[in-house]
Number of protein chains: 2
Amino acid sequence: MAASAPKIEARGGENRREALLDAAAAMFAAKGYDGTSIRDIAGAVGMLPGSLYYHFKSKEDLLIAVYRKGVARFEAAIDEALETTGGDPWQAIEAACAAHLSILLDGGDYARIVNPEFVRSFPGEMLPTLNAERDRYERHFEKLIAALPLPPETDRWLFKVALFGSLNWSQTWYRKGRYTPGDIAGAFIGMLRQKGA
Amino acid sequence: MAASAPKIEARGGENRREALLDAAAAMFAAKGYDGTSIRDIAGAVGMLPGSLYYHFKSKEDLLIAVYRKGVARFEAAIDEALETTGGDPWQAIEAACAAHLSILLDGGDYARIVNPEFVRSFPGEMLPTLNAERDRYERHFEKLIAALPLPPETDRWLFKVALFGSLNWSQTWYRKGRYTPGDIAGAFIGMLRQKGA
DNA sequence: GAGGCTACCAAACAAGTGTTTGCTATGGCA
DNA sequence: TGCCATAGCAAACACTTGTTTGGTAGCCTC
């Protein structure tokens, strides 16, 4: 991104763009990409539809920007979680899962956009771009799983997708109150952790 | 395709309705509900857009019909799987999971529609109707899980959503060839099955 | 105080949307 | 033969969609 001018944000410069991103994230999450119109988004921040095109060159461009911000939140959360965790691999992956869940469940609207099942409804040409972004994030978890003391017959790739499935599925049933992200992460890891190890 | 029946089937009674359902399922699965137009669906079976309204009274009505057919497939598959399974609870749930996966992964386009993450993009008023349909299906699994000899501290509800997450997530990574639905079901159940029990 | 840049308005554009309406060709039944 | 339900055509309806274009008020610099 071009960031060479340090003063120009004096008047609603970057704020308006950010407001549009927030509104777009909220409405995409609520009604889907196709279900949300430029007029909806612009209207939510008190703008006319045409004015949005000053900040984003197309609706797809806006979506990509929202998506990037979503992935960045996940990455920041597990980076922070892993910094404060000791060497025990089970503890490390549980912390990463808890961080993942905290963004997924309480991280606002941006997190919803990142869900691959959500992404499937997007215009096809942008799919490779978005998936590459996501793959990079998942690699953090692959490393953590590689360090786990699992029974030798365990397929670690299947382990990853099983874990990811459990985690991401929580979006469909989670309601605030009953369980915290930490509870869920602990329970899931507990189920997957063989008693002998 | 039409080897022995040349043109006469252009006016088939129930066949045309079924053809519309198939086309709708395929296009909903590929491009989403909003991304698919009545013209697309009607055109796919060689009909004009208005003619579709003879068979379905609205686009939402068509979607509900597709969804119902999707859920019915899942139910038929696990009903059949459970009939031929012995009394061992772990064996029973593994069979149910394998049946669920075989529909989810190789069951064609109808299966995709049932995914809740997909359903979230549907018009809001129909959500309760669709979810009730799905809850009924999930209850089969709740019964199977209730019969499992799990450690006493295990939250069986979290066990269910963890398992369901792993299973349904497979839609996002599965490609034909490497694993069969049976392989995946066996591996997932194996991971969740504590060695001591 | 002239020029230029930022951020936006106002209005239109062509294309596509779900749906309704009136009509018609077909085939079975009395 | 006449009747009637079936299954679909043809054309329009009112509306929404993403996007473009031309203009302009306010600020900053020279």
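Just so it is clear: chains get the letters A, B, ... in the order the sequence lines come, proteins before strands, and each one is counted from 1. If you're wondering where the values come from, they're calculated on a predicted model, not measured in any experiment.
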For atom NZ of A/Lys57 and atom C1' of D/dT20, their distance in whole Å
15 Å
Would you indicate whether A/Glu80, at its atom CD, is surrounded by more than 12 heavy atoms from other residues, nucleotides or ligands within a distance under 6.0 Å?
no
Donor-acceptor contact below 3.5 Å, side chain B/Asp40 vs main chain B/Ser37:
yes
Any side-chain N or O of B/Ser51 below 4.0 angstrom from OP1/OP2 of D/dA7?
no
On the ring face of B/Tyr33, is B/Lys59 found with NZ or CZ under 6.0 Å from the centre and within 45° of the axis?
yes
Counting distance alone, no hydrogens or angles: does the base of D/dG18 have a donor or acceptor under 3.5 Å from a partner atom on the side chain of A/Arg39?
yes
Proximity to the side chain of A/Tyr54 - top-ranked nucleotide from C/dA7, D/dG8, C/dC9:
C/dA7
Shared hydrophobic cluster for A/Trp157 and B/Leu101 (ILVMFWY, side-chain gaps under 4.5 Å):
yes
Send over the distance from B/Leu48 CG to C/dT21 P, rounded to a whole Å.
18 Å
Would you please indicate if the ring centroids of B/Tyr174 and B/Tyr179 are separated by under 6.0 Å?
no
Spacing of B/Ile41 atom CD1 relative to C/dG18 atom C1', expressed in whole Å
11 Å
Report the distance from atom CD of A/Glu60 to atom C1' of D/dG18, rounded to the nearest whole Å.
11 Å
Rounded to whole angstrom units, what separation is found between the NZ atom of A/Lys59 and the P atom of D/dT17?
8 Å
D/dG8, OP1 or OP2 - any side-chain N/O from B/His55 closer than 4.0 Å?
yes
Please confirm whether the shortest side-chain N or O distance from B/Ser37 to OP1 or OP2 of C/dG16 is below 4.0 Å.
no
Integer-rounded Å distance: D/dC9 P and B/Tyr53 OH
15 Å
How close or far is atom P of D/dG18 from atom CG of A/Leu20, stated in whole angstroms?
14 Å
Sorted by position of nearest nucleotide on DNA chain D, 5' first, the leading residue of B/Gly46 and A/Ser58 is B/Gly46
For atom OH of A/Tyr33 and atom P of D/dT17, their distance in whole Å:
13 Å
